[in-house]
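One is the number of the first residue; the rest follow in order along the sequence.
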Amino acid sequence: ECVVFFFNDTATTEIYTLSLHDALPIWNQQERPLPRMFNNNQVSDSVGYYIAGFVDGEGRFYLSFQRRQDHKLPWKISLCLNICQKDKVVLTWLKKQLGCGIIRNKGGGVWMFEVNNLKAIRSNVIPFFERFGFISARKKRDFAVFQQMAERMAEGAHLSREGVVDLISLRRRMNDSGPWKYSEEQ
């Protein structure tokens, strides 16, 4: 049995195509091919610079601390890139272009695109923005600090108390050191 959907709206078609592609098990897990490696050289300049401008204005690079009793320090520490928008189509397209991330409904008609996987950040996000860059001094600064934190976390800094203190010191230089949910002592 086969069901076919037709949509007049291109954006709706893309969302349903992506959703169905992700949701339907088209072949066995054992037969599923490995995901292809992200190659930012395949991204056109116009698309790459559009995304860089979009993230420059709407995105945020940050270091996340989540209380977790199942972690050694009791924190799960993650690097993150996120963007919140009411337009899910743009975020879906961004996810497709970067080849990583998730999209979540934050409620109130707001959607969030987020990449918080260190491997994806190092293999997709950082090379992408190294190539396409940012215009604003603030985003350039935050991205440079983000890169330093990614290097330290790849070396395991987030797994030791001393490394976490170093990451917190770097984090103070980002996003104009906004309000903190937890104190350093915690």
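- Taking the side chain as every heavy atom from C-beta outward, Tyr62 and Asn82 approach each other to under 4.5 Å.
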Donor-acceptor pairs under 3.5 angstrom involving side-chain atoms of residues 100-111: please list them, not counting sequence neighbours.
from: Arg104; atom 1: NH2; to: Glu114; atom 2: OE1; distance (Å): 2.2
from: Asn105; atom 1: OD1; to: Gly107; atom 2: N; distance (Å): 2.7

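- Looking only at side-chain heavy atoms (C-beta outward), Tyr50 and Gln97 stay at 4.5 Å or farther from each other.
- The aromatic rings of Phe129 and Phe134 lie parallel to each other, their planes meeting at an angle below 30°, with 60° marking the opposite boundary.
- Closest non-hydrogen pair, Leu81 versus Leu98, comes out as CD2-CD1, 4.4 Å.
- Transitive grouping of hydrophobic side chains (ILVMFWY, heavy atoms separated by less than 4.5 Å) brings Val90 and Phe113 into a common cluster.
- When each of Leu79, Leu167, Val164 is checked for a side chain to side chain contact (heavy atoms under 4.5 Å, CB included) with Arg152, only Leu167 meets the rule.
- Surrounding CZ of Arg138 are at most 12 heavy atoms belonging to other residues, nucleotides or ligands under 6.0 Å away.
- Taking both residues in full, the closest heavy atoms of Val145 and Leu170 are given as CG1-O, 3.4 Å, listed atom of the first, atom of the second, then distance.
- A distance of 11.0 Å separates CZ of Arg60 from CZ of Phe146, quoted to the nearest 0.5 Å.
- Checking side-chain atoms of Asp56 against main-chain N and O of Ser136 turns up a donor-acceptor pair under 3.5 Å.
- Annotation for Met149 and Met174: closest pair CE-SD, 2.9 Å, computed over non-hydrogen atoms.
- Transitive grouping of hydrophobic side chains (ILVMFWY, heavy atoms separated by less than 4.5 Å) keeps Met112 and Leu63 in distinct clusters.
- For the pair Leu91/Lys95, no side-chain contact is recorded, criterion being any heavy-atom separation below 4.5 Å from C-beta on.
- Closest approach of Leu118 to Ala154, counting heavy atoms only: CD2-N, 4.0 Å.
- Closest of all the heavy-atom pairs between Ala120 and Val115 is CB-CG1, 4.1 Å.
- Within the 4.5 Å cutoff, side-chain heavy atoms of Val43 are placed close to those of Arg131.
- Note that CG of Asp166 and OG of Ser160 are 9.0 Å apart. Values are rounded to the nearest 0.5 Å.
- Counting heavy atoms from C-beta outward, Ile51 and Phe132 have side chains that stay 4.5 Å or more apart.
- The nearest pair of heavy atoms linking Met153 to His158 is O-CE1, 3.2 Å.
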